[in-house]
Amino acid sequence: MFIVLKKKLMITVAACVLTIIAIPLAIHYTTNVTESVQASTSSDGNWGLGFPKDGGTPTGNASSDFLKQYNSFYLGDTSKKEVYLTFDAGYENGYTPSILDTLKKHNVKATFFLVGNYLETSPDLVKRMVEESHIVGNHTYHHPDMSKISDISSFQKELKDFEDLYQQITGEEMQKFYRPPQGKYSEHNLKLANELGYKTIFWSLAYVDWYTDKQPSHEEAMQKLLPRMHSGAVILLHSTSKTNAEILDQFLTELENQGYTFGTLHDLAFN
């Protein structure tokens, strides 16, 4: 009997010890989970989107109201069927002349976010963009992870070096629209860009189009883009994409048939 009671006592004590140990572990685990969730929806990191349903307005991992305090945008007026077409280009891949021809056909003015290498290697295309009233935006000179740059002098140099070469090529001061390379940003970056007079432009619609050796088919591209189209969309395409150049006429025609009009980043940022 004594042995049985002793065993029961030992089991009870052991259970209490395990409970005491488990409580702080559970608190630590819960805290880590909470921090992880908060990090995924914070204003720092990689730009990301969630789509509630086909045709619905996507939500960014930073809200429109939060972004606007730093003159940053990812979405236009959702009450109007106006969209904004933007292209990113780290280099020229032979498709921009065709893209520019299609934009002229539809009388659509786009924004091309370029890097320093593009200015160096394709100045004639940059001049054509400007002559045809497209906006050339600043995608930085070297395309670094800007979220890791905290001092204003280094941050400014990436933008200023691009500005200087752009002015040398075109004879004009550039319009101050900035897109963080790879969508990597921090709240501090948004603040620095704003202090330098820039509007930071993210996007509300994009798809995987940048692998030049693994291009989507025309059907795959349209299936990625059209069902997620929405009022106020800031559309990101890569001008290095063969597929994008080939579907652009069809894509713009379909949007026009659906009643969409095309605004510029001036319409987005100054209205």
Side-chain angles (χ1 to χ4, degrees), residues 46-61 73-114 118 125 128-129 132-135 137 139 177 179 181-183 201-265 267-268:
N46 294 335
W47 178 248
L49 293 166
F51 287 83
K53 59 181 178 179
D54 286 352
T57 302
T59 55
N61 58 2
F73 307 86
Y74 85 97
L75 186 68
D77 186 346
T78 58
S79 69
K80 299 192 302 182
K81 293 193 77 171
E82 184 174 73
V83 298
Y84 313 91
L85 186 59
T86 70
F87 293 89
D88 284 6
Y91 60 96
E92 176 51 40
N93 201 29
Y95 305 119
T96 303
S98 172
I99 289 171
L100 289 170
D101 289 344
T102 302
L103 293 174
K104 181 182 285 187
K105 174 183 175 181
H106 289 264
N107 193 28
V108 171
K109 306 305 179 187
T111 298
F112 290 84
F113 284 100
L114 308 178
Y118 198 103
L125 283 173
R128 181 180 170 186
M129 292 171 189
E132 296 181 2
S133 300
H134 301 293
I135 295 172
H139 204 33
F177 295 101
R179 175 166 284 162
Q182 303 176 66
I201 308 296
F202 292 102
W203 59 89
S204 64
L205 180 63
Y207 78 114
V208 179
D209 62 350
W210 55 85
Y211 294 117
T212 56
D213 59 348
K214 193 179 179 181
Q215 283 288 286
S217 68
H218 292 190
E219 294 74 18
E220 289 169 339
M222 297 296 278
Q223 287 169 5
K224 291 288 186 182
L225 292 168
L226 290 178
R228 288 184 168 179
M229 188 54 57
H230 51 276
S231 296
V234 178
I235 305 164
L236 164 59
L237 301 175
H238 285 81
S239 60
T240 51
S241 164
K242 180 175 184 288
T243 295
N244 286 344
E246 292 172 348
I247 69 166
L248 187 60
D249 186 32
Q250 178 188 357
F251 179 55
L252 297 182
T253 299
E254 182 61 34
L255 294 188
E256 289 163 348
N257 290 340
Q258 292 183 20
Y260 286 101
T261 60
F262 297 88
T264 70
L265 293 189
D267 301 320
L268 172 70

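One is the number of the first residue; the rest follow in order along the sequence.
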request  = Please round to the nearest 0.5 Å and tell me the distance separating atom CE of Met129 and atom CZ of Phe87.
outcome  = 9.5 Å
ask   = Where does the angle between the aromatic ring planes of His134 and Phe112 fall among parallel (under 30°), tilted (30 to 60°) and perpendicular (over 60°)?
value = perpendicular
query = Would a 4.5 Å heavy-atom cut-off, applied to side chains only, mark Thr261 and Leu255 as touching?
reply = no
query = Does the side chain of Glu254 come under 3.5 Å of the side chain of Gln258 through a donor N or O and an acceptor N or O?
reply = yes
request  = Assert yes or no for the condition that the ring centre distance of Tyr74 to Trp203 is strictly below 6.0 Å.
outcome  = no
key: Set of residues satisfying salt bridge (Lys or Arg N to Asp or Glu O under 4.0 Å) with respect to Asp88, sequence neighbours excluded   = Arg179
Contacts of Glu132 that satisfy side chain to side chain donor-acceptor pair (under 3.5 Å) - sequence neighbours left out = Lys104, Arg128
note = d(Asp101 CG, His106 NE2) to nearest 0.5 Å is 11.5 Å
key: Least distance between heavy atoms, Thr264 atom then Asp267 atom   = N-OD2, 2.8 Å
inquiry  = Would Lys109 and Asn107 count as a side-chain contact (heavy atoms from CB on, under 4.5 Å) here? Give the steps.
reply    = CA-CA 7 Å; Lys109 306 305 179 187; Asn107 193 28; 3.9 Å; yes
query = Considering all heavy atoms of both residues, which atom of Thr243 and which atom of Pro216 are nearest to each other, and what is their separation?
reply = OG1-O, 2.6 Å
message = Test of understanding: with side-chain contact (heavy atoms from CB on, under 4.5 Å), list the residues that count as partners of Ala89, not counting sequence neighbours.
response = Leu114, Tyr118, Ser239
key: Contacts of type salt bridge (Lys or Arg N to Asp or Glu O under 4.0 Å), residue Asp249, not counting sequence neighbours   = Lys105
message = So which atom in Gln215 and which in Tyr211 form the shortest heavy-atom distance, rounded to 0.1 Å?
response = NE2-O, 3.0 Å
request  = Please lay out, stage by stage, how Asn244 and Leu248 fare under the test side-chain contact (heavy atoms from CB on, under 4.5 Å).
outcome  = CA-CA 6 Å; Asn244 286 344; Leu248 187 60; over 6 Å; no
query = Tell me, which pairs form a salt bridge (Lys or Arg N to Asp or Glu O under 4.0 Å) where one or both residues lie in residues 201-218, sequence neighbours left out?
reply = none
key: Residues forming a side-chain contact (heavy atoms from CB on, under 4.5 Å) with Gln182, sequence neighbours excluded   = His143, Lys184
Listed partners of Ser204 passing side chain to side chain donor-acceptor pair (under 3.5 Å), at least two apart = His230
request  = Taking the side chain as every heavy atom from C-beta outward, state whether Leu237 and Leu85 have any pair of such atoms under 4.5 Å apart.
outcome  = yes
task = Examine the side chains of Ser231 and Glu82 and answer whether a donor and an acceptor come within less than 3.5 Å of each other.
result = no
ask   = Got a sec, which residues hit salt bridge (Lys or Arg N to Asp or Glu O under 4.0 Å) with Glu246, two or more places apart in sequence or on another chain?
value = Lys242
note = side chain to side chain contact (heavy atoms under 4.5 Å, CB included) test vs Leu75 passes for just one of Val234, Thr57, Leu268, namely Thr57
ask   = Are the side chains of Thr86 and Ile235 in touch, meaning some heavy atoms are under 4.5 Å apart?
value = no
query = Which residues pass the side-chain contact (heavy atoms from CB on, under 4.5 Å) test with Tyr91, sequence neighbours left out?
reply = Asn93, Asn117, Thr212, Thr240
query = In Å, rounded to the nearest 0.5 Å, how long is the span from CG of Leu125 to CD of Glu92?
reply = 5.0 Å
Straight-line distance of Leu236 CG to Thr111 OG1, nearest 0.5 Å = 11.5 Å
query = Which residues pass the side-chain contact (heavy atoms from CB on, under 4.5 Å) test with Thr59, sequence neighbours left out?
reply = none
key: Nearest-0.5 Å distance that lies between atom CD1 in Ile247 and atom OG1 in Thr253   = 11.5 Å
task = To the nearest 0.5 Å, tell me how far Leu265 CG sits from Ile135 CD1.
result = 5.0 Å
inquiry  = Looking at every non-hydrogen atom in both residues, tell me the closest pair between Phe251 and Met229 and how far apart they are.
reply    = CZ-CE, 3.7 Å
query = Considering residues, nucleotides and ligands other than Lys224, do more than 12 of their heavy atoms fall under 6.0 Å from its NZ?
reply = no
inquiry  = Among residues at least two apart in sequence or on other chains, which ones pass ring pair (Phe, Tyr, Trp, His ring centres under 6.0 Å) with Tyr84?
reply    = none
query = Do you know which two heavy atoms are closest between Asn61 and Asn46, and how far apart they sit?
reply = ND2-O, 2.7 Å
ask   = Closest heavy-atom contact between His238 and Trp210?
value = CE1-CE3, 3.8 Å
message = Any side-chain to backbone donor/acceptor pair from Thr102 onto Ser98? Under 3.5 Å, distance only.
response = yes
ask   = What residues form a salt bridge (Lys or Arg N to Asp or Glu O under 4.0 Å) with Glu220, not counting sequence neighbours?
value = none
